[in-house]
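Proteins get letters first, then strands, A, B, ... in listed order; numbering begins at 1 in each.
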Amino acid sequence: MDDARIVVGMSGGVDSAVAAFLLKEKYSDIVGVFMNNWKETDNGICTTEQDYDDVRSVCAMLDIPYYTVDFSGEYMDRVFSHFLYEYKNGRTPNPDILCNREIKFKSFLKFAEKLGAKKIATGHYARIDESGGKFRLLKARDKSKDQSYFLCELGQDALSRTVFPLGETEKTEVRDIAASQGFVNATKKDSTGICFIGERNFRSFLSQYLPAQNGDIYSTGGELVGRHSGLMYYTLGQRKGLGIGGKGSGEPWFVVRKDLEANRLIVQQGKDSTLLYSSALVTESFNWISGEAPEKVDFECTAKFRYRQPDQQVRVRRNGDRLEIEFLQKQRAVTPGQYAVLYDGEICLGGGVIKEVML
RNA sequence: UGGGGUGUAGCCAAGCGGUAAGGCACGGGACUUUGACUCCCGCAUUCGUAGGUUCAAAUCCUGCCACCCCAG
């Protein structure tokens with residue numbers, strides 16, 4: 001039994017509740033902390049009250065103290081402002097990876113220190129192992145829930161002070177444990193949508209922060225095929241929301257390019273739109289979880305370009321901080337602003353923002 | 001106002017006397033801690049309109065309306 005204090009981040013969902021429960025096997029001094037990182041500015045449905053109630057209920061059953069902490073200022077400055085900046089520039093950001101780096105594994109970690117804790121824990125599905133003072137991030141045992149992709153920006157400092165109690169646990173077991181413990185959130189639906197902001201109408205949400213500018217939609221053949229309501233509402237490979245019907249072959253249309261200069265959306269018809277398939281990408285800065293780039297400048301490994309994508313074989317060429325990642329199989333809709341995350345089998349090597357994509 | 005053609009859901013489009021295919025779009029749901037993709041479900045009691053024939057019409061007949069084309 002470890003009597004050093006550990007702080008567990010609790011969202012109100014089943015995962016973090018069960019994570020806290022599992023910690024009781026090894027830790028005697030556990031503190032639950034609920035993070036409130038988003039201030040409602042509209043009169044949307046506020047689920048944070050309910051979530052906090054659930055945290056209270058679970059902590060009471062576990063007989064552990066709990067606190068709530070507000071990082072909404074940090075979230076706005078270090079995550080959301082960047083999120084908006086990226087959209088404004090035509091890219092498609094991944095705020096949750098940044099949120100992990102900046103909030104959960106930075107601000108929250110510091111907060112835990114102030115509470116006298118040596119370590120923090122979260123309900124992420126991923127594993128950490130250590131050997132000779134080196135920490136590695138590994139995929140979760142439950143491959144269908146593995147969230148290592150979202151943790152690709154972490155480093156040695158964060159990993160050395162983090163515990164992921166659910167790393168070896170299947171999601172179904174998590175539900176079973178929650179049920180057997182009688183947790184109020186045992187059957188609560190998993191939350192999705194941007195972390196802390198939640199699920200909401202993407203268009204109306206974004207429009208509150210960025211001005212939308214209508215424009216034309218052109219086919220790759222140069223034909224005017226429709227109107228768009230603002231480039232920021234679309235991402236590469238997107239089908240929904242184009243409103244183009246009855247034209248051409250009858251197949252659906254997909255976004256293949258955003259022309260910011262002309263405020264035009266370029267679309268192509270058919271699933272096998274060749275312009276959607278790329279063969280390589282470039283990241284300009286890359287976070288190596290080990291803390292240092294591998295010695296080899298040219299090597300093969302696997303990669304993911306989006307969450308829950310099967311591993312893809314790639315060849316990496318390293319040029320300082322710049323990485324060129326070549327795909328052995330062409331990839332559909334690899335999008336600037338998203339992350340390329342490298343893996344060596346179970347090991348998550350790290351990730352970087354996709355800067356440009358080559359056909 | 002001579003000739004020909006076409007009018008089926010938001011768009012494209014089957015149907016040619018037996019009681020409205022399909023696709024796209026759209027809406028809802030599933031999946032999902034980004035954005036997407038994908039999957040599932042829904043989506044014309046009605047076929048430009050008014051009559052007529054028929055047991056039965058979107059399908060046949062007639063008038064009208066609209067649009068298109070060729071002539072003028």
Side-chain angles (χ1 to χ4, degrees), chain A residues 9-16 19 35 37-38 47 51 75 79-80 82-84 86-87 90-104 122-126 140 142 144-153 164 166 171 188-203 205-206 210 217 219 225-228 230-256 258 265 267 269-273 276-277 304-310 331-341 351 353-354:
Chain A
M10 299 184 72
S11 65
V14 248
D15 293 335
S16 53
M35 281 177 260
N37 299 342
W38 186 251
T47 59
D51 290 334
Y75 187 85
V79 178
F80 200 67
H82 178 266
F83 169 84
L84 294 179
E86 289 291 279
Y87 267 116
R91 292 182 288 268
T92 306
N94 189 321
D96 290 353
I97 290 179
L98 251 193
C99 172
N100 282 329
R101 187 184 78 191
E102 297 297 325
I103 308 298
K104 292 178 184 160
T122 69
H124 283 103
Y125 286 86
D142 185 338
S144 67
K145 290 299 295 183
D146 172 48
Q147 292 171 326
S148 59
Y149 180 83
F150 289 109
L151 301 168
C152 67
E153 284 273 30
F164 292 137
L166 303 185
K171 178 73 185 198
K188 187 175 175 180
K189 193 179 182 331
D190 288 345
S191 67
T192 57
I194 300 174
C195 196
F196 295 123
I197 296 178
E199 224 169 341
R200 49 182 76 215
N201 185 296
F202 184 70
R203 292 166 97 101
F205 176 67
L206 248 198
L210 291 174
I217 302 180
S219 70
V225 290
R227 293 279 296 170
H228 73 253
L231 287 183
M232 63 183 179
Y233 298 133
Y234 306 86
T235 190
L236 301 190
Q238 183 168 330
R239 167 179 176 175
K240 290 291 178 182
L242 294 173
I244 307 169
K247 286 195 160 64
S249 66
E251 292 173 286
W253 295 76
F254 298 90
V255 175
V256 298
K258 291 174 156 192
L265 200 60
V267 298
Q269 190 165 34
K271 269 235 66 175
D272 33 76
S273 318
L276 265 185
Y277 284 83
K304 293 185 198 295
F305 312 108
R306 62 176 62 82
Y307 177 51
R308 283 169 61 84
Q309 176 186 30
Q331 298 293 312
R332 183 178 185 280
V334 175
T335 309
Q338 291 287 296
Y339 277 78
V341 178
V353 177
I354 297 167

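For A:Lys188 and B:rU33, the NZ to C1' distance is 13 Å, given to the nearest whole Å. Rounded to a whole Å, the CZ atom of A:Phe80 is 12 Å from the P atom of B:rG35. Following rounding to the nearest Å, A:Tyr234 (OH) and B:rA36 (P) show an atom-to-atom distance of 11 Å. Here the C1' atom of nucleotide B:rU34 and the CZ atom of A:Phe305 are 17 Å apart, to the nearest Å. Counting to the nearest Å, the P atom of B:rU34 and the NZ atom of A:Lys104 are 11 Å from each other. B:rU32 atom P lies 10 Å from atom CG of A:Asp142, rounded to whole Å. In this structure, A:Met232 places its CE atom 16 Å from C1' of B:rU34, rounding to the nearest Å. The distance between atom CD of A:Gln338 and atom C1' of B:rU32, rounded to the nearest whole Å, is 13 Å.
The gap from the P atom of B:rG18 to that of B:rA56 amounts to 15 Å, rounded to the nearest Å. To the nearest whole angstrom, the two P atoms, one in B:rC24 and one in B:rU32, are 25 Å apart. Spacing between B:rA44 and B:rC39 at atom C1', rounded to whole Å, works out to 26 Å. If you take atom P in B:rC11 and the same atom in B:rU1, they sit 31 Å apart, rounded to whole Å. If you take atom P in B:rG7 and the same atom in B:rU59, they sit 12 Å apart, rounded to whole Å. Nucleotides B:rC31 and B:rG17 are separated by 48 Å at their P atoms, to the nearest Å. Rounded to whole Å, the C1' atom of B:rA20 lies 8 Å from the corresponding atom of B:rG15. Comparing B:rC60 with B:rU8, their P atoms are spaced 15 Å from each other, to the whole Å.
Side-chain contact between A:Leu236 and A:Thr92: absent, with no pair of heavy atoms (C-beta onward) separated by less than 4.5 Å.
Taking the six-membered ring for Trp and thresholds of 30 and 60 degrees, A:Tyr307 and A:Tyr149 have ring planes inclined between 30 and 60 degrees apart. A:Phe83 and A:Tyr87 have perpendicular rings, their planes meeting at more than 60° on a 0 to 90° scale where under 30° would count as parallel. Aromatic ring pairs are classed by plane angle as parallel below 30°, tilted from 30° to 60° and perpendicular above 60°; the pair A:His124 and A:Phe164 is perpendicular.
For the atom pair A:Gln338 CD and A:Lys304 NZ, the distance stands at 14.5 Å (nearest 0.5 Å). Note that the CD atom of A:Gln238 and the CZ atom of A:Phe254 stand 10.5 Å from one another [nearest 0.5 Å]. Distance check: A:Leu231 CG to A:Leu210 CG gives 12.0 Å after rounding to the nearest 0.5 Å.
Side chain of A:Asp15 to backbone of A:Gly123: no donor-acceptor contact under 3.5 angstrom is found.
Separation of the A:Phe205 and A:Phe202 ring centroids does not fall under the 6.0 Å cut-off.
Every side chain to side chain contact (heavy atoms under 4.5 Å, CB included) that A:Val353 has, sequence neighbours left out, goes to A:Tyr339.
Nucleotides of RNA chain B nearest to A:Phe254 and A:Phe150 differ in position, and the one nearer the 5' end is that of A:Phe150.
Within the 4.0 angstrom heavy-atom criterion, base atoms lie near A:Tyr307. Residue-level contact check: A:Thr335 touches the bases, meaning some heavy atom is under 4.0 Å from a base atom. Across all strands, A:Tyr87 comes closer than 4.0 Å only to sugar-phosphate atoms, never to a base (heavy-atom distances). Nucleic acid contact class of A:Arg306 (heavy atoms, under 4.0 Å, all strands): base.
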Which nucleotides of nucleotides 23-28 of chain B have their base under 4.0 Å from a protein heavy atom (B), which only their sugar-phosphate (S), and which neither (-), written as one string 5' to 3'?
BBSS--
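Residues A:Asp142 and A:Lys171 approach most closely at OD2-N, 2.8 Å, considering heavy atoms.
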For RNA chain B, what dot-bracket results from Watson-Crick or G-U pairs at under 3.5 Å, with [ ] for crossers and | for inter-strand partners?
.(((((((.[[[..)..(...]]].(((((.......))))).....[[[[[..)....]]]]]))))))..
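The shortest distance between the side-chain N/O atoms of A:Lys145 and the OP1/OP2 oxygens of B:rU33 is below 4.0 Å.
In this structure, B:rC37 is classed as syn because its glycosidic torsion stays within 90° of zero.
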